[in-house]
Amino acid sequence: MKRIALFILATAILALADMGSLMTEGTKLHDEGQYDAAIAKYKQAEKLEPNNALIKYEISYSYYMKRDMKESLRYIKASANINKDTRLNDAIYSMMGSIYDDSNMPDSALAAYRKGTSFNQRSYLLPFNAAITFRRIGKVDSAKVWLKKAVANTKLHETSHLQMFTVSRELGNWIDFYSYAMYTPLIAKKKENVSAALSDLYNVTKNLVKCKNTNCETTLPKFEKTSDEDFAVVTTLAFTQILDSVGHRHYHEKDTSSTQQMEYLIHMLPKAIKLIADFKNTKNTENTLTTFYKGLVKNKLEETFVYIICREVDYPTFAKWKLSHSADYDKFYKWANEEYLQTK
């Protein structure tokens with residue numbers, strides 16, 4: 001009996017080793033774009049472990065990449081039906097939603113994202129994907145509701161924050177626009193996301209004022225849903241442009257160099273930060289970054305933060321500032337990492 005038991009155990013161990021090897025080979029082939037060959041390897045592994053949700057997910061993924069949505073959907077549904085590993089839920093339901101999205105079935109996609117979220121309330125990926133679907137079908141209000149769920153669960157997913165400031169601009173939610181547009185360059189790893197945020201910050205703010213000769217007037221954006229608080233923010237920034245100046249140059253004048261654009265942002269954005277820090281969240285206008293901006297003001301780090309996020313606008317200006325403000329630079333990252341992001 002013992003010899004039979006040991007033989008069965010040894011066979012099981014060898015089968016697991018073979019399955020792992022097949023999965024590794026399949027993943028390598030998938031990454032090389034050889035999807036049919038990858039699927040063949042995965043299906044060999046599937047024969048060894050027919051109730052393995054991960055294997056069926058990988059098969060679905062390879063079918064998805066070769067744009068066979070029918071087979072991809074069949075395997076991802078099978079994966080969802082047998083899955084017992086909560087760590088796989090986000091991946092499974094994100095894949096299912098993506099298949100439906102790419103098949104022009106937004107209602108089914110949203111149902112998949114909702115179901116996945118019901119298993120994991122702390123997910124940011126599923127709410128983010130749901131928001132993208134809502135934006136695609138023109139429901140920007142609903143997109144923002146789901147983006148709020150996403151950013152509430154992550155401080156570091158740059159695309160969630162990028163989308164948050166984009167939809168806030170479209171809706172005329174200016175407090176949220178400035179909050180997330182200023183934060184995105186801090187966490188973004190993709191240069192295009194940094195550029196998009198800084199470009200929007202500059203253009204939206206600069207366009208609050210129009211001047212002809214010496215006559216300047218505010219041109220505040222008009223949206224039906226703009227709140228009194230949002231209106232107060234853009235009004236304050238507009239009048240700051242008109243009233244403030246640097247030397248003989250006014251801030252509302254046209255900028256002709258990156259140095260002048262940097263100078264403009266360094267002047268305007270700390271004011272936006274203070275306005276946001278004074279803003280009191282309500283149940284209907286919750287801003288997940290208010291705590292961050294209150295911390296900046298409390299620690300007198302508003303200008304430091306703005307120089308750091310705007311370095312791509314005019315790096316020589318940033319480098320010159322850093323030479324004489326290295327202590328503030330270090331203080332900011334110490335506070336951000338240890339207190340706000342809580343990553344020591």
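Sequential numbering from 1 along the given sequence is applied to the chain's residues.
- Between S160 and Y180, every side-chain heavy-atom pair lies at or beyond the 4.5 Å cut-off.
- Between L265 and V306 the shortest heavy-atom distance is O-CG1, 3.8 Å.
- Side-chain contact, H157 with T154: no donor N or O sits under 3.5 Å from an acceptor N or O.
- Enclosure of atom CZ in F231 is not indicated, since only 12 or fewer non-hydrogen atoms of other residues, nucleotides or ligands lie within 6.0 angstrom.
- Here the side chain of S118 pairs a donor or acceptor atom with the backbone of K115 at under 3.5 angstrom.
- Under the 3.5 Å distance criterion, the side-chain polar atoms of Y57 are left unmatched by any main-chain donor or acceptor of N52.
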Test log, rule side-chain contact (heavy atoms from CB on, under 4.5 Å), inputs L73 and S103: CA-CA 10 Å; L73 183 60; S103 302; over 6 Å; no
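- Side chains of Q34 and D36 form no contact here, defined as non-hydrogen atoms less than 4.5 Å apart.
- Judged by the 6.0 Å and 45° rule, K149 forms no cation-pi pair with Y124.
- Taking the six-membered ring where the residue is Trp, the centroids of Y93 and Y113 are separated by 6.0 Å or more.
- Using bins of under 30°, 30° to 60° and over 60° for the plane-to-plane angle, the ring pair Y293/F305 lands in the perpendicular bin.
- Proximity of the aromatic rings of F292 and W335 is defined here by a centroid distance below 6.0 angstrom, and this criterion is met.
- Under the 3.5 Å distance criterion, the side-chain polar atoms of S72 are left unmatched by any main-chain donor or acceptor of D68.
- Salt-bridge check for K41 with E46: failed, with every basic side-chain N at 4.0 Å or more from each acidic carboxylate O.
- We find that K189 and E158 are not joined by a salt bridge, their nearest charged nitrogen and carboxylate oxygen being 4.0 Å or further apart.
- Other residues, nucleotides and ligands contribute at most 12 non-hydrogen atoms within 6.0 Å of the NZ atom of K139.
- Using a 3.5 Å distance cut-off with no hydrogens or angles, the side chains of T256 and Q260 do pair a donor with an acceptor.
- By the 6.0 Å and 45° rule, R67 stacks over the aromatic ring of Y64.
- Of the possible polar contacts, none joining the N299 side chain to the L301 backbone as a donor-acceptor pair under 3.5 Å is found.
- Side chains of S62 and H30: a donor-acceptor N/O pair is present below 3.5 angstrom, by distance only.
- The closest side-chain donor-acceptor pair between T117 and S123, if any, does not fall under 3.5 angstrom.
- For the residue pair S199 and N203, a side-chain donor N or O sits within less than 3.5 Å of a side-chain acceptor on the partner.
- Under the 3.5 Å distance criterion, with hydrogens and angles disregarded, no donor-acceptor pair is assigned to the side chains of T205 and Y264.
- The pair D85-R87 meets the salt-bridge criterion, since a charged nitrogen lies less than 4.0 angstrom from a carboxylate oxygen.
- Side-chain contact, N120 with N89: no donor N or O sits under 3.5 Å from an acceptor N or O.
- For the 3.5 Å distance criterion, the side chains of Y315 and S258 fail to qualify, holding no donor opposite an acceptor.
- Contact of the Y63 side chain with the R74 side chain is not registered, since no non-hydrogen atoms from C-beta on lie closer than 4.5 Å.
- There is a side-chain donor-acceptor pair under 3.5 Å between K144 and S168.
- Because its NZ or CZ atom is both nearer than 6.0 Å to the ring centre of Y329 and within 45° of the ring axis, K322 counts as a cation-pi partner of that residue.
- A salt bridge is defined here as a Lys NZ or Arg NE, NH1 or NH2 lying under 4.0 Å from an Asp or Glu carboxylate O, and K300 with D328 fails to meet this definition.
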